[in-house]
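See below for the structure under consideration.
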Amino acid sequence: MRWVEDRLRELADTDDQYRKFNARVVATADPATMLGVRVPRLRRLAREVSRSDGRIAFLAELPHHWYEEYLVHAFVLNETREVAQATRLLDALLPFVDNWCVCDALNPRAFHDGQAMGGQTAEALVPLAKRWMASDHTYTRRFGISILMRDLLGDDFDPTQLRQAIAADNGEHYVRMMIAWYLAEALVSHRDDALAAIALPELDPQLRRMAIRKGIESLRVPAETKDTLRRLRG
């Protein structure tokens with residue numbers, strides 16, 4: 001939408017340094033699509049879009065041109081409070097996502113709402129995560145794994161979810177990074193199950209090293225667990 005693009009241009013840093021920094025960090029996004037708008041400003045713009053009469057039109061306007069438009073889209077989508085609607089919006093957006101930053105910004109409020117889930121969080125989200133993890137599209141697959149990490153490591157955790165994430169490994173770097181992150185997060189609340197998953201003989205050795213490194217680097221993983229990880233690393 002033109003007014004959103006105009007606001008993005010108004011909010012962009014004028015010295016170009018942030019845009020160049022972003023281009024390095026978000027390596028797979030086309031630098032020519034970056035304006036250099038900082039995330040807090042994008043969140044404020046997302047609130048403007050959410051309150052506007054153009055919210056529905058903006059979410060339907062795909063593909064976007066600007067990298068920042070996709071982030072605003074993600075932040076607006078995240079406010080969706082109904083699971084089916086959030087799922088439809090995600091299915092429309094995910095095929096156009098080409099970088100880890102927009103992918104990881106997606107975190108719909110509906111998926112954290114026990115009432116919206118009708119008390120059936122795992123029953124609602126595991127099938128969605130499996131479907132997205134089966135995608136041939138890198139960032140759709142990554143997003144599916146993120147559902148297991150963000151929404152199902154609490155009371156809805158089941159050890160089979162660790163194997164489901166591992167089975168989503170297709171050799172893609174950004175998919176493997178999410179699996180490794182998930183395994184490292186699982187070490188905090190489900191230590192024994194996560195260690196067993198990391199030690200699985202079928203786990204790709206590179207993915208194992210990535211998960212071990214993430215676990216050792218984590219400030220939330222206890223020291224004794226890190227010692228076990230170092231022994232697994234060999």
Side-chain angles (χ1 to χ4, degrees), residues 1-52 54-55 57-80 89-90 92-109 137-147 149-150 171-182 184-185 206-207 209-221:
M1 296 178 70
R2 184 54 186 264
W3 77 266
V4 175
E5 181 177 345
D6 289 344
R7 288 287 289 125
L8 287 171
R9 292 183 183 279
E10 291 172 8
L11 294 170
D13 279 13
T14 57
D15 63 7
D16 207 37
Q17 293 306 305
Y18 183 70
R19 188 191 68 79
K20 291 178 179 178
F21 168 77
N22 246 1
R24 291 193 300 270
V25 173
V26 190
T28 60
D30 182 356
T33 68
M34 293 182 171
L35 293 167
V37 186
R38 295 176 183 270
V39 170
R41 297 173 186 170
L42 293 174
R43 291 189 184 277
R44 289 198 295 272
L45 177 56
R47 288 193 290 272
E48 290 181 37
V49 174
S50 292
R51 292 193 296 263
S52 76
R55 176 184 178 276
F58 175 73
L59 292 176
E61 190 179 71
L62 289 167
H64 297 298
H65 176 72
W66 299 106
Y67 160 80
E68 286 89 352
E69 284 181 293
Y70 282 104
L71 278 173
V72 171
H73 190 127
F75 298 144
V76 174
L77 188 158
N78 286 349
E79 295 305 310
T80 307
L89 292 171
L90 286 163
L93 174 64
L94 283 167
F96 298 103
V97 175
D98 66 357
N99 63 86
W100 66 265
C101 190
V102 173
C103 178
D104 294 2
L106 289 165
N107 191 15
R109 184 183 297 270
H137 177 246
T138 295
Y139 297 99
T140 301
R141 188 174 289 232
R142 180 181 171 102
F143 178 71
I145 300 160
S146 79
I147 295 296
M149 181 179 75
R150 287 174 171 160
E172 292 275 355
H173 174 73
Y174 288 100
V175 170
R176 285 189 165 178
M177 285 299 295
M178 180 56 76
I179 297 171
W181 184 10
Y182 170 53
E185 286 294 307
Q206 182 189 44
L207 179 52
R209 289 192 295 271
M210 292 168 73
I212 289 172
R213 183 170 66 249
K214 291 289 285 185
I216 290 173
E217 291 173 352
S218 172
L219 298 177
R220 300 172 64 233
V221 173

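Numbering of residues begins at 1 and proceeds along the displayed sequence. None of the values given here were measured: they were computed from a predicted structure.
The existence of a salt bridge linking Arg150 and Glu185 is excluded, since no basic side-chain nitrogen approaches an acidic carboxylate oxygen closer than 4.0 Å. Ion pair Arg19/Asp13 not flagged as a salt bridge, since none of the NZ, NE, NH1 or NH2 atoms sits closer than 4.0 Å to an Asp/Glu carboxylate oxygen. In summary, Glu172 and Arg141 do not engage in a salt bridge, as defined by a charged side-chain N under 4.0 Å from a carboxylate O. Under 4.0 Å is where a charged nitrogen must lie from a carboxylate oxygen, and between Arg9 and Glu5 at least one such pair does.
The line from OG of Ser146 to CD1 of Ile179 is 12.0 Å long, rounded to the nearest 0.5 Å. We find the CG-CG distance between Leu59 and Leu93 to be 9.0 Å, quoted to the nearest 0.5 Å. For the atom pair Glu69 CD and Leu62 CG, the distance stands at 9.5 Å (nearest 0.5 Å). In this structure, CZ in Arg41 is found 11.5 Å from CD in Glu10, a value given to the nearest 0.5 Å. Note that CZ of Arg38 is 11.5 Å distant from CZ of Arg44, once rounded to the nearest 0.5 Å. We find the OG1-CZ distance between Thr80 and Arg55 to be 5.0 Å, quoted to the nearest 0.5 Å.
Listed here is the closest heavy atom pair of Val76 and Ala46: CG2-O, 3.6 Å. Contact between Leu90 and Pro95 at its shortest, heavy atoms only, is O-CD, 4.4 Å. Taking all atoms of both residues into account, the shortest heavy-atom contact from Trp3 to Val49 is CH2-CG2, 3.8 Å. Listed here is the closest heavy atom pair of Tyr139 and Val97: CD1-O, 3.5 Å. Minimum interatomic distance between Ala180 and Leu207 (heavy atoms only, all atoms of both residues): N-CD1, 4.1 Å. When all heavy atoms are compared, the tightest approach of Leu71 to Ala105 is CD2-CB, 3.9 Å.
Every residue two or more places apart in sequence or in another chain was checked for a ring-ring contact (aromatic ring centres under 6.0 Å, His included) with Tyr67, and none qualifies. By the ring-ring contact (aromatic ring centres under 6.0 Å, His included) test, Phe58 pairs with His64, His73, sequence neighbours left out.
Residue pairs meeting the side-chain hydrogen bond (donor to acceptor under 3.5 Å, both in side chains) criterion with at least one partner in residues 92-106, sequence neighbours excluded, are Asp104-Arg142.
When each of Ile147, Thr140, Ile145 is paired with Phe143, the side chain to side chain contact (heavy atoms under 4.5 Å, CB included) condition holds for Ile147 and for no other.
More than 12 heavy atoms of other residues, nucleotides or ligands sit less than 6.0 Å from atom CZ of Phe96.
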Q | Audit row: Phe75, Leu45, side-chain contact (heavy atoms from CB on, under 4.5 Å) steps and yes/no | A | CA-CA 9 Å; Phe75 298 144; Leu45 177 56; over 6 Å; no
Q.
One pair to check against side-chain contact (heavy atoms from CB on, under 4.5 Å): Leu94 and Leu106. What are the steps and the verdict?
A. CA-CA 9 Å; Leu94 283 167; Leu106 289 165; 3.8 Å; yes
Q: Begin from the C-alpha positions of Tyr70 and Thr33 and carry the test side-chain contact (heavy atoms from CB on, under 4.5 Å) through to its verdict.
A: CA-CA 11 Å; Tyr70 282 104; Thr33 68; over 6 Å; no
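In this structure, the side chains of Leu11 and Glu68 stay at 4.5 Å or more apart for every pair of heavy atoms.
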